[in-house]
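All residue numbers in this chain count up from 1 along the given sequence.
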Amino acid sequence: YCRLSCEEFTLDQDRLGDRFVHLTNVAVQRDHPAYKALVKQGDVVWGRTKFEQHAQEEHGFSQDEVQAVWPRIKAIMGSVFGSARAQLEPSRGQFELFGLDLVLDQELNPWLLEVSFNPNPNPNPNPN
């Protein structure tokens with residue numbers, strides 16, 4: 001899924017310190033005055049289809065350009081887990097869940113921000 005901020009992204013000097021513009025974490029965004037309404041409208045978390053439609057219709061990317069994002073994300077995931085393979089210990093009957101946070105630049109290149117060892121698997125936390 002794709003998590004959005006409640007404020008439109010900008011690099012304007014007077015907004016550089018605005019957490020609502022630059023951080024998409026639920027812990028930050030839930031304090032925004034419009035958060036509950038935006039969650040109900042579906043404007044805080046998008047699924048893959050909505051993201052792809054937005055990239056094509058609002059930013060002029062072709063379907064092929066948008067589809068090329070997913071193999072690049074998979075390659076990043078492969079690099080992350082390949083480099084950590086020696087530290088990952090398999091346990092019979094158990095599994096670990098990891099979350100990878102990525103950001104896409106203006107050319108749809110994915111960049112790894114962090115790996116979480118205790119991610120929230122729910123993309124739509126209750127806004128109440």
Side-chain angles (χ1 to χ4, degrees):
Y1 59 87
C2 179
R3 188 171 301 285
L4 308 170
S5 61
C6 294
E7 297 283 336
E8 187 159 340
F9 177 79
T10 180
L11 290 175
D12 290 347
Q13 289 294 319
D14 61 333
R15 301 292 305 271
L16 288 180
D18 189 336
R19 294 165 41 116
F20 296 129
V21 172
H22 297 283
L23 299 174
T24 60
N25 308 57
V26 172
V28 171
Q29 294 298 317
R30 69 177 167 216
D31 293 333
H32 189 279
Y35 179 73
K36 289 180 185 179
L38 291 169
V39 167
K40 288 179 183 174
Q41 294 171 19
D43 290 335
V44 175
V45 177
W46 289 352
R48 182 173 173 164
T49 301
K50 188 164 183 175
F51 161 74
E52 290 176 350
Q53 181 180 16
H54 177 80
Q56 290 175 45
E57 293 176 4
E58 300 296 324
H59 296 282
F61 289 101
S62 70
Q63 184 175 5
D64 289 343
E65 289 171 317
V66 174
Q67 291 303 313
V69 170
W70 311 117
R72 292 190 298 234
I73 289 174
K74 288 179 183 179
I76 289 171
M77 294 170 66
S79 294
V80 166
F81 293 112
S83 66
R85 179 173 280 128
Q87 287 78 34
L88 301 174
E89 298 179 24
S91 299
R92 187 178 175 116
Q94 298 179 6
F95 67 92
E96 289 190 58
L97 184 64
F98 296 92
L100 277 69
D101 292 352
L102 299 110
V103 64
L104 298 177
D105 66 20
Q106 66 275 10
E107 297 173 0
L108 294 183
N109 294 309
W111 297 90
L112 180 67
L113 296 176
E114 69 177 352
V115 177
S116 304
F117 294 100
N118 189 18
N120 181 350
N122 181 4
N124 292 306
N126 186 347
N128 298 327

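E114 CD: more than 12 foreign heavy atoms inside a 6.0 Å radius. Heavy-atom contacts from other residues, nucleotides or ligands closer than 6.0 Å to CD of Q41 number more than 12.
Rounded to the nearest 0.5 Å, atoms OG (S5) and CG (D43) are 11.0 Å apart. For the atom pair N109 CG and L102 CG, the distance stands at 12.0 Å (nearest 0.5 Å). A distance of 9.0 Å separates CD in Q29 from CG in D31, rounded to the nearest 0.5 Å. The OG1 atom of T24 sits 12.0 Å away from the NE2 atom of H22 when rounded to the nearest 0.5 Å. Between the CG atom in L112 and the OG atom in S79 there is a gap of 9.5 Å [rounded to 0.5 Å].
Residues S83 and V80 come closest through the heavy atom pair OG-O, 2.9 Å. Closest approach of S116 to D101, counting heavy atoms only: OG-OD2, 4.5 Å.
With sequence neighbours excluded, no residue satisfies side-chain hydrogen bond (donor to acceptor under 3.5 Å, both in side chains) with R72. Residues satisfying the ring pair (Phe, Tyr, Trp, His ring centres under 6.0 Å) test with F98, not counting sequence neighbours, are F81, F117.
In this structure, L113 belongs to a hydrophobic cluster whose other members, linked by side-chain heavy atoms under 4.5 Å apart, are V103, W111. Chaining together hydrophobic side chains whose heavy atoms lie under 4.5 Å apart places L23 alongside F20, V28.
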Mind listing the side-chain donor-acceptor pairs of residues 6-16 below 3.5 Å, one per line with the distance, residues two or more places apart or on another chain?
unit_1: E7; atom_1: OE1; unit_2: R15; atom_2: NH2; d: 3.4
unit_1: E7; atom_1: OE2; unit_2: H32; atom_2: NE2; d: 2.6
unit_1: T10; atom_1: OG1; unit_2: D12; atom_2: N; d: 3.1
unit_1: T10; atom_1: OG1; unit_2: D12; atom_2: OD1; d: 3.3
unit_1: T10; atom_1: OG1; unit_2: D12; atom_2: OD2; d: 3.3
unit_1: R15; atom_1: NE; unit_2: D18; atom_2: OD2; d: 3.1
unit_1: R15; atom_1: NH2; unit_2: D18; atom_2: OD2; d: 2.8

Side-chain donor/acceptor pairs under 3.5 Å, residues 48-61, sequence neighbours excluded:
unit_1: R48; atom_1: NE; unit_2: E52; atom_2: OE2; d: 3.0
unit_1: E52; atom_1: OE1; unit_2: Q67; atom_2: NE2; d: 3.4
unit_1: E52; atom_1: OE2; unit_2: Q67; atom_2: NE2; d: 3.0
unit_1: E52; atom_1: OE2; unit_2: W70; atom_2: NE1; d: 2.8
unit_1: Q53; atom_1: NE2; unit_2: E57; atom_2: OE2; d: 3.3
unit_1: H54; atom_1: NE2; unit_2: H59; atom_2: NE2; d: 3.1

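Cluster annotation: I76 and L88 are assigned to the same hydrophobic cluster (Ile/Leu/Val/Met/Phe/Trp/Tyr, side-chain heavy-atom contacts under 4.5 Å, transitive). Two different hydrophobic clusters hold V21 and W46 under the rule that ILVMFWY side chains link at heavy-atom gaps under 4.5 Å. When the side chains of ILVMFWY residues are joined at heavy-atom separations under 4.5 Å, either directly or via intervening members, Y1 and M77 end up in two distinct hydrophobic clusters.
Contact check for V44 versus L4: no side-chain heavy atoms found under the 4.5 Å cut-off.
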